[in-house]
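Reminder, nothing fancy here: chain letters follow the sequence lines and each chain counts from 1.
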There are 2 protein chains.
Amino acid sequence: MRYLASIRYIDAVVKAGSIRAAADTLAITSTALNRRILAMEEELGVPIFERLAHGVRLSAAGEIYIHHIRNQLSDMERVRSQIADLSGVRRGHVSIACSQALLPYFLPEQIALYRKEHPNVTFGVHLRDREAAEHALVDHSADLAIVFEPVRLTDFMTLIRVRQPVHVVMAPDHPLAAKATVRLSDCVDYPIALPTTPYGVRHLLDIAMRIAGVRLDPVIQSDNFEFLRNHAVAENIVTFQIPIGLSDETSTGRMVSRPLDGRDVPAGILYLGQLKGRTLPVAAARFASQLTSALAGQFEVS
Amino acid sequence: MRYLASIRYIDAVVKAGSIRAAADTLAITSTALNRRILAMEEELGVPIFERLAHGVRLSAAGEIYIHHIRNQLSDMERVRSQIADLSGVRRGHVSIACSQALLPYFLPEQIALYRKEHPNVTFGVHLRDREAAEHALVDHSADLAIVFEPVRLTDFMTLIRVRQPVHVVMAPDHPLAAKATVRLSDCVDYPIALPTTPYGVRHLLDIAMRIAGVRLDPVIQSDNFEFLRNHAVAENIVTFQIPIGLSDETSTGRMVSRPLDGRDVPAGILYLGQLKGRTLPVAAARFASQLTSALAGQFEVS
DNA sequence: TCCGCCGCTGCATTTTTTGCAGCGGGCTGG
DNA sequence: CCAGCCCGCTGCAAAAAATGCAGCGGCGGA
């Protein structure tokens, strides 16, 4: 879309933080880019950027304007895909920001399922914590976000919520694997591995331990869930995860998972959502509704 | 806004119905305009217009696209006024589609009141029936609509609803002027003037007559409310109107109005609304909220 | 059938955009 | 305290894009 070049350039400058840097990424000279920006500011009647020694920063007017620009650009995307829709070709791109638990099993399966129907739709999957995921929605770098136990809900519109009880994960021959459900107090006798503090599961466990007066001292801490799972098998210790990230490896028998008793640790909640007030591109909207029905089968929270 | 020229041109072509006609209104040659359109269609990959012998018409894709274009253009207006806002100058334009009843008294007073605070805001007031008013919202030729008893509510988002009992209007010396409220059956003895059928007041009366088994044969019918009022005084007959269009001339004593008994004729409802899903420009939003509080004093319907 | 209006195209001209080289200014590390 | 670096910005020439003019062929209405 040639006629949107100017505003796309401005978006690039905002992202890059300086005109010369943006010019490089856009494969044009800084002169051309600089002039386009000056021309836009002329038309607008106000500077879009503040000039600093090491680049540019959005002015107050620029903040308003960049918002508008990003809306325009993604609206244009939506319109293109709507038009592509009615000419029969289903194309598009869906960008997802999500937490680790979705990566091993759930999303690959869902995306594969969707792409079987619509092979021309491409996907971007980005690992983001809760805050970064919300930010990705705001700056339109993601269409959908799937996060565990979000705190802020500004700009975030929930499409569906799913209960995720915390599960204990261990090797099949571990003593705790004999039980159907596990009490928190059962775990104190065994060495355990925990996710690091910012994560939702750890957060839930911390609260539960404080209430129950139990202390679980982790021998391993990691910010990588896959590592924790594998280590639980390798060293025969226990770790804690949510079921949506487990289905694959428990089904192969490499490891088993047992739910923690709900009286000890309340279930966490997984949120699928999008930017509030945004109309998603067709592809993203359809994928979102596929996810919604897939999740609704689990432990939907109404 | 130079960079929006192309889409503004397309909007003009849609409005004009042919490229050459649009080129005239835009003061460019048809060549230039034609080429811009071809270029846009090239970029979009689909024709925007169908070529007919006597001009062009939107294709299916074009319908989608023109929607997007109009959104973009009015969003741009909003952004400009937001930016103007923060540099202190309050400017803008508010376009209103409304029915006749608002013209004599209510809107002039409200607009004057608003412009006393914000002299740089300009207004457009367009007389439209219910359907045309809704259409004006859809194609962004109006920001706000004030209509009586709307039928369809697609695309229309109600901001406030106000009850408007039908009033009998007549000269001060008319026999009915002695009563505080008037029964429909009281009117049969006098010659009456009615609005023509499409209007809300007429609609309410037609229904009421059918229910009550009364027949009012109008000696005068008109589609102009001002004429009906004036004629009621000139010939000493009665007519029917809603109070919001009456305050001025009844206060001067030229004519009087009496409410019809609610048992005979239910009150009509006046709607203030905007296009569903649209963020109004600042000026329009503020004027709308002024109207809302002004109307809330009357007979607000919650 | 003829006339009028339409959209569209080849070509010359004008206007706009781009790239190159270079200026002056602020921050940073030695 | 100063050299080096990166920044945004400008004059000028080249390249690219948009515009206008004249004219073609098509289609519907008189």
Side-chain angles (χ1 to χ4, degrees), chain A residues 1-63 65-66 69 72-73 76 83, chain B residues 1-63 65-66 69 72-73 76 83:
Chain A
M1 292 277 88
R2 269 204 66 72
Y3 85 99
L4 289 174
S6 289
I7 65 175
R8 226 192 300 271
Y9 287 178
I10 290 180
D11 188 39
V13 172
V14 175
K15 286 201 167 80
S18 92
I19 294 182
R20 286 181 124 111
D24 286 346
T25 73
L26 294 169
I28 54 170
T29 54
S30 70
T31 315
L33 183 50
N34 178 40
R35 283 213 166 80
R36 282 193 110 109
I37 290 169
L38 290 174
M40 288 297 281
E41 293 181 324
E42 175 82 14
E43 289 189 351
L44 216 57
V46 262
I48 299 168
F49 294 103
E50 295 171 25
R51 273 67 174 177
L52 308 174
H54 284 286
V56 294
R57 192 178 58 195
L58 283 173
S59 66
E63 290 283 357
Y65 194 48
I66 191 68
I69 283 177
Q72 274 201 190
L73 290 175
M76 190 63 221
I83 287 176
Chain B
M1 291 276 91
R2 272 199 66 71
Y3 84 99
L4 290 174
S6 288
I7 65 174
R8 228 193 301 269
Y9 288 178
I10 290 180
D11 188 39
V13 172
V14 174
K15 286 200 166 80
S18 93
I19 294 181
R20 284 181 124 111
D24 285 347
T25 74
L26 293 169
I28 55 170
T29 54
S30 70
T31 316
L33 183 49
N34 177 40
R35 287 229 241 272
R36 280 193 113 108
I37 290 169
L38 290 174
M40 286 298 277
E41 293 181 324
E42 174 81 14
E43 289 188 352
L44 216 55
V46 205
I48 299 169
F49 294 103
E50 295 170 27
R51 272 67 174 178
L52 309 173
H54 285 286
V56 293
R57 192 178 56 195
L58 283 173
S59 66
E63 291 282 356
Y65 193 47
I66 191 67
I69 282 178
Q72 273 200 191
L73 290 175
M76 190 62 220
I83 288 176

Please assess Leu4(A) against Ile7(A) for the test side chain to side chain contact (heavy atoms under 4.5 Å, CB included), listing each intermediate value before the final yes or no.
CA-CA 6 Å; Leu4(A) 289 174; Ile7(A) 65 175; 3.4 Å; yes
Rounded to whole Å, how long is the line connecting atom [atom1] of [X] with atom [atom2] of [N]?
{"X": "Asp24(B)", "N": "dC5(C)", "atom1": "CG", "atom2": "C1'", "answer": "12 Å"}
{"X": "Arg36(B)", "N": "dT16(C)", "atom1": "CZ", "atom2": "P", "answer": "11 Å"}
{"X": "Glu42(A)", "N": "dC9(D)", "atom1": "CD", "atom2": "P", "answer": "13 Å"}
{"X": "Arg2(A)", "N": "dA16(D)", "atom1": "CZ", "atom2": "C1'", "answer": "9 Å"}
{"X": "Ile19(A)", "N": "dT10(D)", "atom1": "CD1", "atom2": "P", "answer": "11 Å"}
{"X": "Leu38(B)", "N": "dA17(D)", "atom1": "CG", "atom2": "P", "answer": "16 Å"}
{"X": "Ile48(A)", "N": "dC9(D)", "atom1": "CD1", "atom2": "P", "answer": "11 Å"}
{"X": "His54(B)", "N": "dG4(C)", "atom1": "NE2", "atom2": "P", "answer": "13 Å"}

Classify the nucleic acid contact of Arg20(A) as base, sugar-phosphate or nothing, counting any heavy atom under 4.0 Å across all strands shown.
base
So what does Leu52(B) touch, heavy atoms closer than 4.0 Å: a base, only the sugar-phosphate, or nothing?
nothing
Whether Arg51(B) contacts dC8(C) is assessed here as follows: a side-chain N or O lying under 4.0 Å from the phosphate OP1 or OP2. Is that the case?
yes
Short side-chain N/O contact to dC9(D) OP1/OP2 from Asn34(A), under 4.0 Å
yes
Would you kindly check whether a donor in the side chain of [X] faces an acceptor in the base of [N], or vice versa, at under 3.5 angstrom?
{"X": "Arg35(A)", "N": "dG19(C)", "result": "yes"}
{"X": "Ser30(A)", "N": "dC7(D)", "result": "no"}
{"X": "Thr31(A)", "N": "dC9(D)", "result": "no"}

For a 4.5 angstrom cut-off between non-hydrogen side-chain atoms, does Tyr65(A) reach Leu44(A)?
yes
Want to settle it: does Ile37(A) or Tyr9(B) sit nearer the 5' end of DNA chain D, counting the closest nucleotide to each?
Ile37(A)
Heavy-atom closest pair, residues Ser18(A) and Gly55(A)
CB-CA, 3.8 Å
When you get a sec, tell me which of dG7(C), dG20(D), dT18(C) is the closest nucleotide to the side chain of Ala32(B)?
dG20(D)
Mind running salt bridge (Lys or Arg N to Asp or Glu O under 4.0 Å) on Arg35(B) and Glu41(B) for me, showing each step along the way?
CA-CA 10 Å; Arg35(B) 287 229 241 272; Glu41(B) 293 181 324; over 6 Å; no
Please assess Arg20(B) against Asp24(B) for the test salt bridge (Lys or Arg N to Asp or Glu O under 4.0 Å), listing each intermediate value before the final yes or no.
CA-CA 6 Å; Arg20(B) 284 181 124 111; Asp24(B) 285 347; over 6 Å; no
Toward the 5' end of DNA chain C, which comes first, Ala53(A) or Thr29(A), by nearest nucleotide?
Thr29(A)
